[in-house]
There are 2 protein chains.
Amino acid sequence: MAQSDTVDRILDAAEELFAERGFSETSLRMITSKAKVNLAAVNYHFGSKNALIHAVFARFLTPFSATLEKAFDELEESCGDQPPTLNQTLWALTESAVRMPQRNEKGISIFMRLLGLAYTQSQGHLRKFLEQEYGDPFSRFMRLLKAATPQLSAVDRYWRIQFMLGATAFTMSSSDALRDILQNKTGVETSVQEIALRLVPFLAAGMQAEDAMLVPPKGSKVSVA
Amino acid sequence: MAQSDTVDRILDAAEELFAERGFSETSLRMITSKAKVNLAAVNYHFGSKNALIHAVFARFLTPFSATLEKAFDELEESCGDQPPTLNQTLWALTESAVRMPQRNEKGISIFMRLLGLAYTQSQGHLRKFLEQEYGDPFSRFMRLLKAATPQLSAVDRYWRIQFMLGATAFTMSSSDALRDILQNKTGVETSVQEIALRLVPFLAAGMQAEDAMLVPPKGSKVSVA
DNA sequence: ATTGGCTTCAAACGTATGTTTAAAACAGAC
DNA sequence: GTCTGTTTTAAACATACGTTTGAAGCCAAT
């Protein structure tokens, strides 16, 4: 049996279980029994449960951030000296995610859910790990967003970016459950690609909403003050 | 010491800790030591940890859903026989949330975060509990949204509602942290009301985005299939 | 055939969890 | 003051967790 077989089987099982149940709710015994390896294998190959979590993220995120940097390079080059538009920037990100080589058909949705969990579950170690390892492409994305929405005040832009992050992280983090609900209700199947296809226009429209709408309807008790 | 004092102290401590760390990550011992009550008090007064989680939600959600129903009643009455607009519906919800009597200044944001966690962490029992107890006002909100966006297909509407939920839950849940960051950066103070004031236009614009935007830019590799 | 370095394995370790117990403390009614 | 039902308490329970251990297994190089 090849050396890496055990490592990969652990990563596969962990990825799936983490996505299904979250990090704290998934025990090493669940992972190793799903992967059909010995319990001690995790600590032998990875060192600790936290290190396994990092490895699961790194396996996807390292090639992804490389793809993303390339996509941003191409985008900026093709735009000459004027900055890419909001739509272009959002699509560059989306396409980089969708086009990543998948281990299986559920690849992206599993990983999107993991990213959502990373944001949502307050796993301090994970946050630190992600910031340290993948902070650069994230900052670059932020810079592109700023250049693409010069009409927004810094404060407006700040909050709207949070709204975008929220819609994305939240939807993706529960996308499996949501898809199931939708399928039970309407019989419609939905791929992650299609969700992204619906999400991007929503985000772009929200990002570019008129400031004039920033007024509650007549008779509202929320003051604009 | 009044009988209910212990119960309330447990609820206060649990609410705060759950919001900070999630449900599985918060132990009964953390809760009881923060509440300065005996460990067994939780099982004595609530029966189990899961029942405590339900009680935390019920304490906020029961009065809130009553307020919300009233707000929807008034809104529908004032609209005569035509359905309320999207903006009106969103504002009715927002104002009901903002105007709820708060236990403390962090009241809303804590509870928004809990709602987000309920959706995100796969706590089957919680989901079942919330659906059973508070499914009615939720369905009503959904019906209003449907009437306010007749131009959307059922599937589009379904996903856009998820996006709205996500942006809201995510932003409100971390609004404390986000507000601090923003204040450090720009010196601007932001109240929950003001966040809502920015959020609603974002949501409304996203909700009413043109379907035509549902096409990736020229040269995109994401197929519309 | 024997060695040496990885890898696997069953078992155990220490710790933390939710829950239960039975006695003690308390409060209000008579 | 005594009794009665409720609440609090310290201690223990059983179980599950992440991690460690030391022996056994394996495979390539000698």
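Here the structure is a predicted model, which means the values were calculated and not measured. Numbers restart at 1 for each chain; the letters A, B, ... are given by sequence-line order, proteins then strands.
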Which pairs, protein N/O on one side and nucleotides 23-25 of chain D N/O on the other, fall under 3.5 Å?
none

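Near DNA chain D, defined here as any heavy-atom distance below 4.0 Å, the residues from residues 33-42 of chain A are A:Leu39, A:Ala40, listed numerically.
Separating the CD1 atom of A:Ile53 from the C1' atom of D:dG18 is a distance of 12 Å, rounded to the nearest angstrom. Straight-line distance from the NZ atom of B:Lys49 to the C1' atom of C:dG18: 8 Å, rounded to whole Å. One atom, CG of B:Asn50, and another, P of C:dT17, lie 16 Å apart when rounded to the nearest Å. Regarding B:Arg21, its CZ atom lies at a distance of 13 Å from the P atom of C:dA16, rounded to whole Å. The interatomic distance linking A:Ile10 (CD1) with D:dG18 (P) rounds to 13 Å, in whole Å.
The nucleotide whose nearest atom lies closest to any side-chain atom of B:Thr6 is, among C:dT19, D:dT8, D:dT19, D:dT8.
A close approach under 4.0 Å does occur between a side-chain nitrogen or oxygen of B:His45 and OP1 or OP2 of D:dT8. A sub-4.0 Å separation between OP1 or OP2 of C:dA16 and a side-chain N or O of B:Ser27 is absent.
Listed by chain and residue number, nothing satisfies the ring-ring contact (aromatic ring centres under 6.0 Å, His included) test with A:Tyr134 (two or more places apart in sequence, or in another chain). With sequence neighbours left out, the side chain to side chain donor-acceptor pair (under 3.5 Å) criterion links B:Arg29 to no other residue. Judged as a salt bridge (Lys or Arg N to Asp or Glu O under 4.0 Å), and not counting sequence neighbours, B:Glu133 has no contacts. Judged as a salt bridge (Lys or Arg N to Asp or Glu O under 4.0 Å), and not counting sequence neighbours, B:Arg143 has no contacts. Every residue was checked against the salt bridge (Lys or Arg N to Asp or Glu O under 4.0 Å) condition with A:Arg157, not counting sequence neighbours, and none meets it. Applying the salt bridge (Lys or Arg N to Asp or Glu O under 4.0 Å) criterion to A:Lys146, with sequence neighbours excluded, gives no partner residue.
Contact annotation for A:Thr26: backbone-only contact, meaning every heavy-atom pair under 4.0 Å involves sugar-phosphate atoms and none involves a base.
Atom-to-atom distance recorded for B:Thr32:OG1 and B:Leu39:CG is 5.0 Å, nearest 0.5 angstrom.
Where B:Arg29 and A:Asn43 each meet DNA chain D at their nearest nucleotide, the meeting point lying more 5' is that of B:Arg29.
Counting only residues at least two apart or on different chains, the salt bridge (charged side-chain N to carboxylate O under 4.0 Å, His left out) pairs with a member in residues 53-68 of chain A are A:Asp12-A:Arg59, A:Glu15-A:Arg59.
Between B:Phe57 and B:Phe111, the gap from one ring centroid to the other is short of 6.0 Å.
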